[in-house]
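Below is one structure, written out as structure tokens, with a few remarks after it.
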Amino acid sequence: DLDLAFMSDEAVVKVEMFDGDKKVFDKRAEVESGLNRTGIVGRFEGYSAEKPVLYDVLVKVYKNNFLAECTRIKVGFNNLAIIGDVAYYNDSPLKLRGVTYNPVYNELGELLTEQDIKRDFALIKEYGFDTIQPLHEVSAEFMRYAEEFGLFVIPRLGVNTKGLEKINEKKRNAVVAEPSFEELIKNVVMYSFGRDRNL
């Protein structure tokens, strides 16, 4: 599903999806001001860490038969289900093999560049890992690089209770059970889910 938000006016949206040079999906829909939803339907190859298949999607917005905007995104298709105590990814049991990753500095203490990240991801894949957990919040570009390399990303939720150990060591682990923190933790989790579900 694609959620499309428009400030005003009616428009026509054309969604095209390509596998390389081959067009595999084409849909045209009229949209109005506000939130509109359109879906990509078909049988497409699933994305996995072993074979990270990504399709190019073009979203074109026409107003008065004039192409007003065009956005290109890459998408992969997957489904996740939990049956009993087992998580299934694309109908296969999911087992993650991961590492923690510092997405800020390279080995020289300088800020990471695109080349640094891609080199690190290639090395991580070479050693048979399929998952990374960044130590800090990461950008959309970072998530796209991980997607290209076939790496799952488990983001941190930003609920940090470390400072409480200075007040009372036992209290640190009790925060998640404290009713007054329930709404905050729920909001952080839902924000993170909404941000990362399509990456």
Linking I/L/V/M/F/W/Y whenever their side-chain heavy atoms sit closer than 4.5 Å, directly or via other members, would [X] and [Y] fall into one cluster?
| X | Y | value |
| --- | --- | --- |
| Leu112 | Phe149 | yes |
| Leu80 | Tyr47 | yes |
| Leu135 | Leu111 | no |
| Val15 | Val41 | no |
| Phe129 | Phe142 | yes |

Q.
The test is side chain to side chain contact (heavy atoms under 4.5 Å, CB included); show your working for Ile73 and Leu2 and say whether it passes.
A. CA-CA 11 Å; Ile73 56 175; Leu2 298 173; 4.3 Å; yes

Just by modelled atom types, is the [Y] backbone N or O under 3.5 Å from a matching donor or acceptor in the [X] side chain?
| X | Y | value |
| --- | --- | --- |
| Asn106 | Leu108 | yes |
| Lys60 | Leu67 | no |
| Lys125 | Ala49 | yes |

Between [atom1] of [X] and [atom2] of [Y], what distance do you get to the nearest 0.5 Å?
| X | Y | atom1 | atom2 | value |
| --- | --- | --- | --- | --- |
| Phe152 | Asp130 | CZ | CG | 6.0 Å |
| Leu58 | Asp26 | CG | CG | 10.5 Å |
| Glu114 | Glu141 | CD | CD | 9.0 Å |
| Asn90 | Asn79 | CG | CG | 5.0 Å |
| Met143 | Tyr145 | CE | OH | 13.5 Å |

Taking the side chain as everything from C-beta on, heavy atoms only, tell me whether [X] gets closer than 4.5 Å to [Y].
| X | Y | answer |
| --- | --- | --- |
| Pro103 | Ile117 | no |
| Arg144 | Lys74 | no |
| Asp116 | Thr113 | yes |
| Asp56 | Glu16 | no |
| Phe121 | Ile132 | yes |
| Ile154 | Leu96 | yes |

Q: Kindly indicate whether a cation-pi arrangement holds for Arg28 with Tyr62, taking the cut-offs as under 6.0 Å to the six-membered ring centre and within 45° of the axis.
A: yes

Q) Is the number of heavy atoms from other residues, nucleotides or ligands under 6.0 Å of Glu30 CD greater than 12? A) no

(Q) Would you say that more than 12 heavy atoms from the other residues, nucleotides or ligands in this model lie under 6.0 Å from the OH of Tyr88, or not? (A) yes

Q | Taking every non-hydrogen atom, the tightest pair across Lys63 and Ala11 | A | CG-CB, 3.9 Å

Q.
Please evaluate residues Val138 and Tyr101 with respect to the criterion side chain to side chain contact (heavy atoms under 4.5 Å, CB included), reporting the C-alpha separation (whole Å), side-chain torsions for both, the decisive distance (0.1 Å), and the verdict.
A. CA-CA 11 Å; Val138 293; Tyr101 184 77; over 6 Å; no

(Q) Test of understanding: with side-chain contact (heavy atoms from CB on, under 4.5 Å), list the residues that count as partners of Val24, not counting sequence neighbours. (A) Met17, Asp19, Lys22, Phe44, Tyr55

